[in-house]
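Below is one structure; the comments refer to it alone.
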Amino acid sequence: MAQKLALRRLLSLTPRTLPLQGPPAPHGRAFSTSVGCRSSFNVQDGSDFQDRVVNNPKPVVVDFHAQWCGPCKILGPRLEKVVAKQEGKVLMAKVDIDDHTDLAIEYEVSAVPTVLAMKNGDVVDKFVGIKDEDQLEAFLKKLIGA
């Protein structure tokens with residue numbers, strides 16, 4: 001009963017009497033929907049992997065993961081953060097092994113998370129499991145050659 005009353009009161013408020021949740025949004029564009037500056041992407045299929053990973057002139061980190069994998073949920077955002085810090089020097093491809101078992105088999109992924117470092121279409125480095133940010137930065141610097 002109290003919930004219905006509270007909901008009725010909330011719905012009866014006019015937009016100018018609703019309390020503000022923070023400062024008003026600045027004029028102009030509030031967010032961007034462009035993907036041009038994104039450094040990570042989800043692989044859609046085998047030909048997408050070929051185009052965006054194997055044939056890419058930039059080094060690419062490939063994160064083989066699964067939705068049910070707890071360690072993957074920890075490593076994924078951590079890896080994305082470290083890749084984003086590189087400001088486009090390296091890209092990150094995310095491959096769900098349940099959706100793309102053919103790619104997992106082709107690249108001999110036997111456990112998740114597995115991360116491959118690819119340069120000019122070749123696997124140049126690899127690790128399995130979770131790493132901390134310092135270890136991930138070292139992994140990327142070795143890939144980039146910095």
Side-chain angles (χ1 to χ4, degrees), residues 3 6-7 9-11 13-146:
Q3 290 175 336
L7 182 60
R9 283 185 185 165
L10 181 64
L11 293 175
L13 295 173
T14 62
R16 56 196 155 107
T17 60
L18 285 173
L20 289 176
Q21 295 296 324
H27 295 291
R29 209 167 161 180
F31 62 90
S32 172
T33 58
S34 69
V35 292
C37 63
R38 296 209 48 202
S39 54
S40 66
F41 56 90
N42 291 314
V43 171
Q44 304 302 314
D45 55 33
S47 64
D48 185 43
F49 186 86
Q50 187 72 29
D51 292 343
R52 297 172 79 182
V53 178
V54 176
N55 296 336
N56 203 318
K58 289 186 180 183
V60 182
V61 173
V62 185
D63 176 23
F64 284 93
H65 67 278
Q67 293 295 320
W68 46 263
C69 169
C72 299
K73 293 177 182 178
I74 296 168
L75 180 67
R78 192 180 288 174
L79 189 55
E80 281 187 59
K81 179 181 174 184
V82 174
V83 166
K85 283 183 186 177
Q86 299 301 318
E87 299 175 341
K89 294 178 190 169
V90 64
L91 301 175
M92 178 177 162
K94 297 181 271 188
V95 179
D96 187 319
I97 63 162
D98 292 328
D99 295 337
H100 307 292
T101 51
D102 54 332
L103 288 172
I105 291 167
E106 182 179 345
Y107 287 93
E108 300 174 354
V109 174
S110 58
V112 286
T114 294
V115 177
L116 306 180
M118 296 188 69
K119 219 177 204 178
N120 301 319
D122 296 323
V123 177
V124 295
D125 205 354
K126 169 183 179 174
F127 71 83
V128 178
I130 297 181
K131 302 276 186 200
D132 65 27
E133 282 190 33
D134 291 341
Q135 292 170 314
L136 293 174
E137 285 177 3
F139 180 79
L140 291 182
K141 284 181 182 177
K142 184 177 170 188
L143 174 61
I144 297 168

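Quick caveat: nothing in here was measured; it's all calculated off a predicted structure.
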Heavy-atom distance under 4.5 Å between the side chains of Phe64 and Asp96, does that happen here? no
Do the side chains of Arg78 and Glu133 get close enough for a salt bridge, i.e. N-O under 4.0 angstrom? no
Rounded distance (nearest 0.5 Å) linking atom CG of Asp102 with atom NE2 of His100: 8.0 Å
Report yes if the side chains of Leu75 and Phe127 come closer than 4.5 Å at any heavy-atom pair, otherwise no. yes
Are the side chains of Lys126 and Val115 in contact, using a 4.5 Å heavy-atom criterion? no
Flag yes if more than 12 heavy atoms outside Lys85 fall under 6.0 Å of its NZ atom; otherwise flag no. yes
Ser40 vs Lys94 side-chain heavy atoms within contact, under 4.5 Å: yes
Are side-chain heavy atoms of Leu143 and Val61 found at a separation under 4.5 Å? yes
On a heavy-atom basis, the closest approach of Pro113 and Asp63 is CB-OD1, 4.3 Å
Just wondering, do Met92 and Leu79 contact through their side chains at under 4.5 Å, heavy atoms? yes
Between Val62 and Val60, is any pair of side-chain heavy atoms under 4.5 Å apart? yes
With a distance cut-off below 6.0 Å to the six-membered ring centre and an angular limit of 45° from the axis, does Lys142 pair with Phe139 as a cation-pi contact? no
Between atom CG of Leu91 and atom CE of Met118, what is the distance when rounded to the nearest 0.5 Å? 12.5 Å
Can you measure from CZ (Arg52) to CZ (Phe41) and round to the nearest 0.5 angstrom? 4.5 Å
I want to check something: taking the side chain as every heavy atom from C-beta on, are Val82 and Leu140 in contact at a cut-off of under 4.5 Å? yes
Minimum heavy-atom separation for Ser39 and Ala84, please, with both atom names. OG-CA, 3.8 Å
Donor-acceptor pair, Glu108 side chain versus Glu106 backbone, under 3.5 Å? no
Distance (rounded to the nearest 0.5 Å) between Ile144 CD1 and Lys89 NZ: 6.0 Å
Hey, what do you get for CG (Asp98) to SG (Cys69), rounding to the nearest 0.5 Å? 10.0 Å
When rounded to the nearest 0.5 angstrom, what distance separates CD in Gln50 from CG in Leu103? 9.5 Å
Tell me whether Asp132 contacts the main-chain N or O of Asp134 through its side chain, where contact means a donor paired with an acceptor under 3.5 Å. yes
